[in-house]
Amino acid sequence: MKLDRTSVALLAVGAVLIAVGPVLPKWGVSLLNVSLCYGIVVLGMMLMMRTGLVSFGHGLYYCIGAYAGGLLDHYLKLPDMLLMVAGGALSAAVVATILGFLLAKYRDIFFAMLSLAFSMILYGLLTKSASLGSTDGFNVAAKSIAGVAVNGEGRQFAAYALTVALAAVCALLLNLYLRSHRGRLAEAIRDNELRVEYMGASVRNIVHLHYIMAATFAGIGGAMMSINIGHIDPEMTYWPQSGEFVFIGILSGTGSVFAPMLGALLFETIRSFAYEYSPNTWQMVLGITMLIVIVFLPGGLWSLFRQRRAP
Amino acid sequence: MSRITHAAVAALATVVVSVLAPAPAQAVQKTTFRIGFVTFLSGPAAGPFGVPAKLAAEAIVESLNAGKGPAPYQVKGIGSLPIELVVVDEAGGGTKQVSEFRSLVERQNVDAVIGYIGSGDCLAIAPVAEELKMLTVLVDCGTPRVFEEASYKYVFRTRAHATMDAVAATLYLLDNRPAVKRITGINQNYAYGQDSWNDFEATIKTIRPDAEIISSQMPKFGAGQYGAEISALLSANPDVIHSSLWGGDLEAFMLQAQPRDLFKRAQLILVAGEPYLHRLPGKIPDGTIIGARGANGAFAPDSPIKRWLTELYKGKSGGLDPNYPAYSVANAFLGLKTAFEKAQRTKIGSAIPMGAAKNVKEEMEKAYAPANTEEAIASFENLVFDGPAGKVRMALGKGHQAVQGTAYGTTRLENGVIKLGNIKYYDADRVTPPEGVSSLDWIKSGFRKTK
Amino acid sequence: MTAILVAAGLNKSFGAVTAANDINIAVERDSVVGLIGSNGAGKTTFINMVTGYLKPTTGTISFEGRDITALAPRQITRLGICRSFQIPQLFNSMSVAENLLVGVGIMASAGSDWIAAGRQTGNPGEAVDAILDQFNLGGYRDRQAGLLPEGTRKLLDIALAMVVQPRILLLDEPTSGVSADEKFELMDMVMKAVRETGVTVLFVEHDMEIVERYTDRVLAFYEGRIIADGAPATVLDAAEVRRYIIGEQR
Amino acid sequence: MNQLLVVVFDALTYSAWLFIIAVGLTLIYGVMKILNIAHGSLYALGAFSAVSLSSWWLAHGYPPMGTYAMLALAALLVGLIAGPLIERGLLQFLYEKDEVVLVLVTYALFLILEDLMKLVWGVDPLLLYEPYQLLGSIEIGGIGYQSFDLVLIAVAVLVGIGLAWVLNRTRSGKLLKAVIHDREMSAALGINVKFTYFLTFTVGAILAAVGGALTAPKISVVTGIGAEVIVLAFAVVVIGGLGSMGGAALGAIIVGLVRTIAVHYLPEVEVFSIYFVMAVVLIVRPKGLFSGAEVRRI
């Protein structure tokens, strides 16, 4: 299989990031960890957005991924990073497959709202489950990667390298998919789903498929986030979290699989600096940033790069 | 257009590069003691807890830096280094707080972190503090899980955990109203509210197995409208209503329940009600059992440290008395200060035989570098120090978790001001589980003193 | 000759309005059939029923002997019945070539052939080039569909129906919105492409010149019924057709 | 029997409160196709202003009954100032954006207003309990209630009837309905859509502020109350059918009933009962209970 420019660039950036990991400042590593996990989730948002759908409840899968990973540690005592990520991805995919039968019929604001309802139901359930720590959640500690025990600095680097690798691989897979015959149908559905039906493709099946893919990305992002942060709580499926994913998605734009990663990095940076330097008005800083992006960069961050390349 | 684009790309690139660029090398000579201070500055907990905590922290730091602390806290700052605060909002949940904690440690290069009111945040931060080897003092979160589920070297909590609230409340209730039968409650539907009710329910069942427990109302956090809950409580016709509501939820509940005569027959217990006494005259019925999550605020026995804190806080807040978050903050700063200074003294004590040099304090300041984190931890463990509400003993969690006595009292309206009467104090040992026993097990075992 | 499409006893009503009233049609393979009638006569309803957008209240539709009445639009499309629209249904944010590529992609990913579906599409491919040539759209290849002139949009709409290789092509007013001097050019192009691939064509048309010139059979609709069926000259001359349809139009 | 009466009355008060907030939200959505998250901020602004104005009134020793006028005045002021400011100052430039992007715009607005209120009123909870008790109490089903809750129900009914009357009986109301039905067609027919939007948003803002002002005496007014309200209001309008006034009423009644029944009989499930109902309704009726069938012409 011949790789396109984006794929090659993804692999290169991923390799470089892992290579420079040991010399990066620690807070840079933390920032990248969190941003890339968000980025992986937003890859899914991007696929949905390309298909013309925005979910206000995508935190559902982010949370499911994290809890699935966490439960592997908590109950099965299998705190292996790869297992946790796989468990997160699988649980999210299974739930999305079931809910997808319903949601694939929905469009626009109704899709957004039904997703929101599902995510809030999970929030309610987790709030009631005292054995999972209710709203306080519980701590997660991954202790090995692919069966190799890690701790201390080694653990940090392993988590970082895995985060970068997952981000690169997820982005690469999505990129390949988007360039495939079926992947191209995403935009066609957003443009005119009636025509897609009348060209012989099942819009519902494709939406369902994309929904499962988006959920799987969110599950991976959530599981990886739980490994990086070491703590999970129901806040992950509360509506402002999903709102944040939508925001990063729109901030990034759907132009390239690089966009969610850059968008998430920029968002995390702004948020973190606003928390520290403007602790009383950080919400205002975020709100104004959102408005600026929406008004001046309607195509998202990625449109900057695109315009530059175009003649 | 393309110029704008270029500018925007350049700006973006600058942001990214500046973010990823290595931090400037740390100053060789330490001139300040930087403390990251994390508390709620937005959201519902900001008003009752977060902002009072911040005001207290600022007032305490100003006073300590000026060397105006009460005995034995007259040394300037911490070990003579002036304290510098980096304040961060606690909003956003555990995930965000871990990120913020990391950047406090790794980007802001703080020397210690004091903070956290939310129990979820405390649980989330503790292992990260451990990983980053950052001395962290948890201020006001109540969950016993922090040190019951794990043990930490770098994490301390200088206030007692919440189990004693429920245990003492039950003891006080049964001392004063031994005949109560029908028990119910209204608690917020989140971890603290659920734990409060569960502990209370378990304690009652242990001491009075014949009491009839009617399930507790669990309104959503921040619900605001309690009409149906109040009707349900009225219909249940209880003898006792237990509540750990706080902040806007407590006030809304009282405003709506009091005019509907909910408390005419039922005995009300407000576990966390003390900070609202001055705000709700006429709205808290006479005879309400009130707690302050420790012998804080109005319960604190008079002492120079209490007077010092009260005066400082009044100056900052425009005349208000410090509430229990302010007391918790004072504990944290004084505990940390004591630990570092004791470590310094220990070093000096072992370096210079006592009595060999005059003016040990000056000698110490001149000759020795401030204590480092590891040394401070060694002296923080099992430390006993004076707080504004009396002695604080770091007795649980392998010397990392404070135990304190607590108190409950009964309200009475006098000339438009709510006063507390019939105050009873409970020793720490009586209301706190021993080391190594989980709170709920301890309650269910009938408060056994040993493992 | 055998009938490729058979509609038997189709009825369709929307509340009080009857849009189809006992429609019986057998369309022969390789024929070109014109559907005429005033607005609301039931022509588009007929096309919508054949392509699965509407389900008839009673009656059956069969294609090559197979009952397709209950099938979904995409299943009908898959069998080879494709359509164009009165208002062109394009992928407006994509280029003309990309529009056609969607169809190529759907053809390639037909059924559950996941490997084909996952195959990459580096360049638009020969299928797209062929269609572009057939419809003389080469010059618009990289133009955004949403910004095309109306006549070209119409043409692209038909090309999109052709790109998925139909056996029967249903055109809903192919020349509406097209200027008088372009309409023959458009129809010539469409008919040429259709004849090259051997496709049966049904089209709805108000323009009697077009109907006369391109069809070999005409169905006249009036208030949901078929009032005349036969060779163009015969039908267009029928008294009822002149009174109800042509008269109304002129 | 008494128990039933209590449940019904509890549900009614809660539904009335929900309806006042939700109806403005659904009106704005119906006309402008904006799902306005900042509706929660307008609610909070109404509550804060009500406390400030009423406290000022009481501090001057004026008769306490006048606080009701202050509540109304606060709601009007907030609606008439903030509504036009937001619509003319921001939203009018963004109408061509996607519905979902517009939700995000109002979310941004919500965040900004949240901090703005914090800067103006601080984070300390504010209290204004006088108006809640002024009207005395009544007994229903053997349980005491405050008459103020009857006022709340009355206001909700009046708002509902008023809106229905304006929409169905007046010329401008009918024009508004035309815009709700088909925006482009109305513009083509010469209806001043721009002015309609302006008016709608202002009325919606006033309704949100009325909700806040009437709630202020029952709660402690503090930053963050808008966030709690807005998700509930979303649930109500989605259940009822976005853009439908009748739907908002039915949605409010359903949510009120479900929540009250949960509180009385199964307090354990209260926390997610509302979202559960929302999901069930959406599954059965994908566009909510009161939604016109949309047929796409091809």
Side-chain angles (χ1 to χ4, degrees), chain A residues 20 23-34 66 124 127-128 130 133-141 152 155-156 225-226 228-236 238 240-241 262 265-266 268-276 278-283 296-297 301 303-305 307-308, chain B residues 1-2 4-6 8-9 12 15-16 18-23 41-42 54 86-89 91-108 118-128 131-132 141 143 145 149-150 189-195 198 218 220-221:
Chain A
V20 300
V23 297
L24 277 180
K26 276 189 171 171
W27 59 267
V29 170
S30 322
L31 185 68
L32 275 172
N33 274 342
V34 171
T127 299
K128 293 304 299 178
S134 178
T135 46
D136 281 350
F138 59 91
N139 288 340
V140 177
R155 202 201 82 90
Q156 284 172 43
M225 188 68 106
S226 77
N228 281 322
I229 295 289
H231 180 82
I232 52 186
D233 58 42
E235 203 84 20
M236 297 177 104
Y238 203 44
Q241 179 67 67
L262 277 183
L265 184 61
L266 185 68
E268 254 312 287
T269 310
I270 294 173
R271 195 192 57 72
S272 171
F273 275 82
Y275 256 61
E276 274 168 46
S278 174
N280 286 305
T281 49
W282 61 269
Q283 299 187 89
F296 297 106
L297 280 179
L301 213 52
S303 59
L304 289 175
F305 297 88
Q307 280 171 11
R308 209 168 148 221
Chain B
M1 182 63 217
S2 91
I4 298 172
T5 311
H6 279 270
V9 172
L12 179 67
V15 170
V16 172
S18 66
V19 166
L20 292 178
L41 301 177
S42 58
K54 177 172 163 258
V86 182
V87 179
V88 174
D89 190 356
T95 310
K96 293 211 168 45
Q97 283 313 312
V98 169
S99 304
E100 284 321 302
F101 183 86
R102 284 183 181 276
S103 72
L104 270 178
V105 175
E106 293 163 353
R107 201 158 66 212
Q108 297 276 4
S119 288
D121 296 331
C122 287
L123 285 171
I125 291 302
V128 186
E131 179 195 312
L132 300 181
C141 48
T143 182
R145 288 173 56 200
E149 289 179 356
N189 208 337
Y190 80 117
Y192 167 68
Q194 293 161 359
D195 288 349
N198 291 340
M218 285 275 169
K220 196 168 121 13
F221 189 95

Are the charged groups of Glu235(A) and Lys96(B) less than 4.0 angstrom apart, N to O?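 No salt bridge links Glu235(A) with Lys96(B).
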Salt bridge or not for Arg271(A) and Glu100(B), using N-O below 4.0 Å?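 Between Glu100(B) and Arg271(A) there is a salt bridge, with a charged N closer than 4.0 Å to a carboxylate O.
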So do [Y] and [X] actually touch side chain to side chain, heavy atoms under 4.5 Å?
{"X": "Ser99(B)", "Y": "Ile229(A)", "answer": "yes"}
{"X": "His231(A)", "Y": "Pro127(B)", "answer": "no"}
{"X": "Glu106(B)", "Y": "Ser30(A)", "answer": "yes"}

Hey, which of Asn139(A), Asn280(A), Asp233(A) has the most heavy atom pairs under 4.5 Å with chain B?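 Top option by heavy-atom pairs under 4.5 Å: Asn139(A).
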If you count heavy-atom pairs under 4.5 Å between each of Ala66(A), Pro240(A), Gly137(A), Ser272(A) and chain B, which one has the most?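 The residue among Ala66(A), Pro240(A), Gly137(A), Ser272(A) with the greatest pair count is Ser272(A).
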Run the numbers on Lys128(A) and Asn189(B) for side chain to side chain contact (heavy atoms under 4.5 Å, CB included), then give the verdict. CA-CA 8 Å; Lys128(A) 293 304 299 178; Asn189(B) 208 337; 3.8 Å; yes
Can you tell me if Ser134(A) uses its side chain to pair, donor with acceptor, with the backbone of Tyr190(B) under 3.5 Å?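 Side chain of Ser134(A) to backbone of Tyr190(B): no pair is present.
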Within 45° of the ring axis of Trp27(A) and under 6.0 Å from its six-membered ring centre, is that where the NZ or CZ of Arg102(B) lies?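 Not flagged: Arg102(B) not positioned over aromatic ring of Trp27(A).
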Taking all non-hydrogen atoms of both residues, which atom of Trp282(A) and which atom of Ala91(B) are closest, and how far apart?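 Closest approach of Trp282(A) to Ala91(B): CZ2-CB, 3.9 Å.
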Tell me, for [X] versus chain A, whether the close heavy atoms (under 4.5 Å) come from the side chain, the backbone, both or neither.
{"X": "Val128(B)", "result": "side chain"}
{"X": "Ala126(B)", "result": "neither"}
{"X": "Gln97(B)", "result": "side chain"}

Apply side chain to side chain contact (heavy atoms under 4.5 Å, CB included) to Gln194(B) and Thr135(A), showing your working. CA-CA 10 Å; Gln194(B) 293 161 359; Thr135(A) 46; 5.9 Å; no
With a 4.5 angstrom heavy-atom cut-off, could you sort out which part of Asn33(A) is near chain B: side chain, backbone, both or neither?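 For Asn33(A), there is no contact with chain B at all, as no heavy atom is under 4.5 Å.
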Please classify the contact of Phe138(A) with chain B as side chain, backbone, both or neither, using a heavy-atom distance under 4.5 Å.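 Both parts, heavy atoms under 4.5 Å.
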Pick whichever of Gly118(B), Ser42(B), Ser119(B) has the most heavy-atom pairs under 4.5 Å with chain A.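 Most pairs with chain A among the choices: Ser119(B).
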Could you have a look at Val105(B), Leu41(B), Ile125(B), Leu132(B) and say which one has the most heavy-atom pairs with chain A under 4.5 angstrom?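 It is Leu41(B).
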Any chance you could measure Arg155(A), atom CZ, to Glu131(B), atom CD, to the nearest 0.5 Å?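 Atom-to-atom, Arg155(A):CZ and Glu131(B):CD are 5.5 Å apart.
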